[in-house]
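Here is the structure we will look at, set down as structure tokens.
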Number of protein chains: 2
Amino acid sequence: MATGRTHRPATRSRGIPEATVARLPLYLRALTALSERSVPTVSSEELAAAAGVNSAKLRKDFSYLGSYGTRGVGYDVEYLVYQISRELGLTQDWPVVIVGIGNLGAALANYGGFASRGFRVAALIDADPAMAGKPVAGLPVRHTDELEAIISDNGVSIGVIATPAGAAQQVCDRLVNAGVTSILNFAPTVLTVPEGVDVRKVDLSIELQILAFHEQRKAGEDADPAASAAAAAATSAAAAAVATPPPVARTATGAGGGKGPDGDVPAVMPA
Amino acid sequence: MATGRTHRPATRSRGIPEATVARLPLYLRALTALSERSVPTVSSEELAAAAGVNSAKLRKDFSYLGSYGTRGVGYDVEYLVYQISRELGLTQDWPVVIVGIGNLGAALANYGGFASRGFRVAALIDADPAMAGKPVAGLPVRHTDELEAIISDNGVSIGVIATPAGAAQQVCDRLVNAGVTSILNFAPTVLTVPEGVDVRKVDLSIELQILAFHEQRKAGEDADPAASAAAAAATSAAAAAVATPPPVARTATGAGGGKGPDGDVPAVMPA
DNA sequence: ATGTCTTTGTGAACGCGTGCACAAAGATGG
DNA sequence: CCATCTTTGTGCACGCGTTCACAAAGACAT
């Protein structure tokens, strides 16, 4: 899972809770898999297991969409696939632009899940003139100068930012100005956008750090109870590494070339 | 932001709420930037703005860590950087393995933010024998056969899965068996793991679908009030595309090669 | 030393999300 | 047509997270 939830104050979109919206894609994926196996119906219990959620939660989620189930039987797979697709707006094709065709941008461009899921890569955009015209994933990379024209000509409303952090806000501003109202941001920066524009963030660094926190806690639990027998042999090595670091002078204020920076590389991309 | 939050039932880790833990990396990044500019102190207001959150929320978050601020002045940047780093477990180096060196895996391997942030890529692992030995980001790709040995030898407790969905669960099982207790999953699958193992998911598809939902809602608002003047000219094109799709027979159950699949490609990776 | 001004730390209220548990709905068999 | 059994849909309670608003703490000037 990625991080960041730069949403508007949660304007309960049309009665469907944000938390539910975030799970609909999960249900849709599970349902699509069932559909491929020609399974006609599923119970909330089965589908919930496949999606990795609680069955009560799933039923409540579906109740926001309407009563699409049949008591005693379950849900019609095909029908539900359609209903959720419609609710998510996947019955139409969303043109998407990807800005920043580095390692990550290229990986995104090559992602096969776009077309089959209601999305279409309208253009790949990069600031490097040397990249211009070079084909990536079958599309010629366009130069940043053309950004506004591309957005406008294709009616693009969703943009993906895979640039270094330093360029992200500027790219974001241009996208928004050109008419983009939804942005998926892979750059490790907080984007400032006007009211009405949605931003979602995907950040490898943050995810890893959250994992590290829990990892440390696990190791600490094994070590804290005064030399309790190391539970799992596998964790012992990590646990041993938990040493008390040198305390920093509380009052030491002045200058400070702190830790190595990283704020300028995209969340997932070589420098 | 990515999606998925496959956490244990929220065992309020050592008194620090999950929501707070998820924001600490954000604060840390903002603080690191300030540190580089040799800013000695920040107020909760300034830091909150830089991190894109509410100042009250930030103060409450910090209160869980202890009282590290000075009333009337603010927070000592260097000290706070150290405290948060320590809390997140970044004062030690976490060896990480990346499994699945496709387009995305390579992008992750090249990510420069690892070393400077408390993480170190211990090894790149791929199932393709042809990849074995090939250098990616300065490291030779190792074959899957060596997975267990690599984990064990390096004391790896964090694994990144960037394989196709079909292989993800199997890889996951092997990682867990070898001693990995934290997993960052880029494959579009629900991973099943034993108690005590943390999984975080990053899924491009889900993020885009959530954006599409809100995008559709925006378009609908402009269109619903009976031909209200199209607010932004930019959205008019998209709004026009919102047509009522053909209803699916409610009872049509039988077989059904539904929509194009995609469940077998990693969240971000070419087929 | 005293007063003023800034900023933290937190008590309390509120709202969202989750999960339990059950009644209602419908299918199925006799 | 009736009884039974399965599964949905939801009322309700609980807990987490967010936000407001303010008292306490300290810096700073006089």
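Throughout, protein chains are lettered first and strands after them, A, B, ... in sequence-line order, and every chain is numbered starting at 1.
Evaluation of the ring-ring contact (aromatic ring centres under 6.0 Å, His included) test over residues 41-62 of chain A, restricted to residues two or more places apart or in two chains, returns A:Tyr27-A:Phe62, A:Phe62-A:Tyr75.
Nearest-nucleotide positions on DNA chain C place B:Gly74 closer to the 5' end than the other of B:Gly74 and A:Gly72.
When distances run from any side-chain atom of B:Glu18 to the nucleotides C:dG17, D:dG17, C:dG9, the shortest one goes to D:dG17. Across D:dT18, D:dA27, C:dT18, the shortest atom-to-atom separation from the side chain of B:Arg23 is found for D:dT18.
Side chain of B:Asp203 to main chain of B:Glu207: no donor-acceptor pair is present (N/O by atom type, distance under 3.5 Å, no hydrogens or angles).
The line from CG of B:Leu65 to CG of B:Leu24 is 5.5 Å long, rounded to the nearest 0.5 Å.
As rounded to whole Å, 9 Å separates atom C1' of C:dC20 from atom CG of A:Asn54. Per the geometry, NZ belonging to B:Lys57 stands 17 Å off P belonging to C:dT8, to the nearest Å. Here the C1' atom of nucleotide C:dG17 and the CG atom of A:Leu24 are 15 Å apart, to the nearest Å. Between B:Asp76 atom CG and C:dT8 atom P there is a gap of 13 Å when expressed in whole angstrom units. One can place CG of B:Leu58 at 12 Å from P of D:dT18, the figure rounded to the nearest angstrom. Rounded to whole Å, atom P of D:dT18 lies 7 Å from atom CG of B:Asp61. Whole-Å rounding puts the B:Glu45 CD to C:dG9 C1' distance at 14 Å. We find that CD1 of B:Ile16 is positioned 15 Å from P of D:dC16, with the value rounded to whole Å.
Listed by chain and number, the residues in a salt bridge (Lys or Arg N to Asp or Glu O under 4.0 Å) with A:Arg59 amount to none (sequence neighbours excluded). Qualifying side chain to side chain contact (heavy atoms under 4.5 Å, CB included) partners for A:Asn54, counting only residues two or more places apart in sequence or in other chains: A:Ala56, A:Lys57. The side chain to side chain donor-acceptor pair (under 3.5 Å) test applied to B:Gln170 returns no partner, not counting sequence neighbours. Residues meeting the side chain to side chain contact (heavy atoms under 4.5 Å, CB included) test with B:Ala48, sequence neighbours left out: B:Val53, B:Ser55, B:Leu58. Under the side chain to side chain contact (heavy atoms under 4.5 Å, CB included) criterion, A:Ala49 pairs with no residue at all, not counting sequence neighbours. Every residue two or more places apart in sequence or in another chain that forms a side chain to side chain donor-acceptor pair (under 3.5 Å) with A:Asp173 is listed here: A:Gln169.
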Atom pairs under 3.5 Å: protein N/O with N/O of nucleotides 10-15 of chain D:
{"unit_1": "D:dG11", "atom_1": "O6", "unit_2": "A:Lys60", "atom_2": "NZ", "d": "3.2"}
{"unit_1": "D:dC12", "atom_1": "N4", "unit_2": "A:Lys60", "atom_2": "NZ", "d": "3.2"}

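Note on A:Tyr75: only backbone sugar-phosphate atoms sit closer than 4.0 angstrom, heavy atoms only; bases stay farther off.
OP1 or OP2 of D:dT7 has not a single side-chain nitrogen or oxygen of A:Ser43 nearer than 4.0 Å.
Annotation: the terminal axes of the helix from C:dA1-D:dT30 to C:dG30-D:dC1 meet at 10°, where each axis is the rotation carrying the C1' atoms of four end pairs onto the next four (5 pairs per end, rounded to 10°).
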